[in-house]
Amino acid sequence: MKSFMSVSKTVFGTLADGRVVDLYTIQNASGASVSIQTLGGGIQSIFVPDRSGKMGDVVLGFDEPQPYTDPDLGYQGLLVGPVANRIKAHSFTIDGVTYDLPNNQGSWTLHSGGRFSFNLWQAEISGENSVTVSFSSPDGEDGFPGDFKMQVKYTFTDDNTLRLDYTAACTKKTFVNLTNHAYFNLSGRAGETIENHDLMIAADYCTETDADQLTTGKLLPVAGTPMDFTTLHKIGDKIDEPYAQMIDGIGYDNNYCLRKNGRTFALCARVEEETSGRTMEVFTDLPGVQLYCGGWLAKSGNPGKASNGAVTYRRGLALETQFYPDTPHHENFPPALLQPGEVFTSATEFRFGVRS
Ligand code: BGC
């Protein structure tokens, strides 16, 4: 098939401090497209067809850059680094040296304090269907060790697969846990929550969390609990059940331990939305995925895009591929230490399709 792939660059908008945010749009032969913004190197839109071929935007977000920088609006589509999720007591110790990190929530660090997500990234068109974004963080910034460089190559194919190739390197030994925080709503319409989406996660265990949603180090079997997504079923079926692991996240906000072996690249999750017929499969080489259904988002009042509506309670479904949260404090978790001189690589794919 002849391909008419194209990548174009436009201005997305201006932040309150005057900085200009660019938008790179990769369009494939069928007219489906993905837009990447330089703020947080984030995914701003993904237009893919429904079962009748009509394009719809399947990620939540905003029509201007400024709201993306508000942590209470949930890191919509943004990249997160160097260490995603929560770090207990906002510090970690490596080789006897304790690093004091941002205390941006409760008594812990969330998403490393957010500087990677809420700042501008360098971007370049890196191929006929790819855009590469990069961010550098100097030694000691926000307390993190070493000069840290992170890069993500976004590739969007003619068969509607969005692939994220992550690379990172640091001049000192450090922990690494990189993710993208897109919230999907496959209906492509305003108003609908994700409770009617069907979900399967290829995981038999999740990491137990305490009342602060910090991992305890224990793995809990999901069988026989409302956390069990081993077979495809509606997210709304059991989201309000009074199960201890789901109360603190107001629904699902949990890390699943993927069944696949270690760093093998394999199927992680499948999502289906009945009315549009859209489907999404997530593949990753990472050992975990955070299922977060936007339980912390306000029920009203938040802005959103004209294409698919407000960024509110349960309107989006995040599947953040990751190492288990807080690896620095749990030696039994799969290791996420990056040595100086080493290049960390990882890949995640979001494969969009339709069902009858
Ligand atoms: C966390 C949530 C948090 C959200 C937005 C997710 O990764 O698990 O608890 O509200 O990010 O910051």
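Values reported hereafter were calculated over all heavy atoms of this structure, with side chains retained and with hydrogens, waters and symmetry mates removed. If you read the sequence from its start, that first residue is 1, and numbering goes on from there. In each ligand, atom 1 is the first atom listed, and ligand 1 is the first ligand listed. Quick caveat, the model's predicted, so the values are computed rather than measured.
Geometrically, R270 does not engage F350 in a cation-pi contact, judged by NZ or CZ lying under 6.0 Å from the ring centre and within 45° of the ring axis.
Residue Y183 has no nitrogen or oxygen atom sitting less than 3.5 Å from a nitrogen or oxygen atom of ligand 1, judged on distance alone. In terms of polar-atom proximity, defined here as any N/O pair under 3.5 Å, Q213 makes no such contact with ligand 1.
Close approach to Y75 involves these atoms of ligand 1, each under 4.0 Å from a residue heavy atom: 12 (O). Against a heavy-atom cut-off of under 4.0 Å, W296 is close to the following atoms of ligand 1: 9 (O), 10 (O). Every atom of ligand 1 is numbered from 1 in the order shown, and the set under 4.0 Å from a heavy atom of L110 is 12 (O). Per-residue contacts place D253 under 4.0 angstrom from the following atoms of ligand 1 (heavy atoms of the residue considered): 1 (C), 2 (C), 8 (O), 9 (O).
Under the 4.0 Å criterion applied to side-chain N and carboxylate O atoms, D165 and R163 are assigned as salt-bridge partners. Under 4.0 Å is where a charged nitrogen must lie from a carboxylate oxygen, and between K234 and E274 at least one such pair does. The pair E241-K238 does not meet the salt-bridge criterion, since no charged nitrogen lies less than 4.0 angstrom from a carboxylate oxygen.
Two rings, from H111 and Y75, have their centers less than 6.0 Å apart.
The option with the heavy atom closest to atom 5 (C) of ligand 1, from among H181, Q322, R86, is H181.
Atom 7 (O) of ligand 1 has its closest protein heavy atom at E320 OE1, 2.6 Å.
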For the pair T215 and T209, evaluate side chain to side chain donor-acceptor pair (under 3.5 Å) and give the outcome as yes or no after the intermediate values. CA-CA 4 Å; T215 47; T209 47; over 6 Å; no
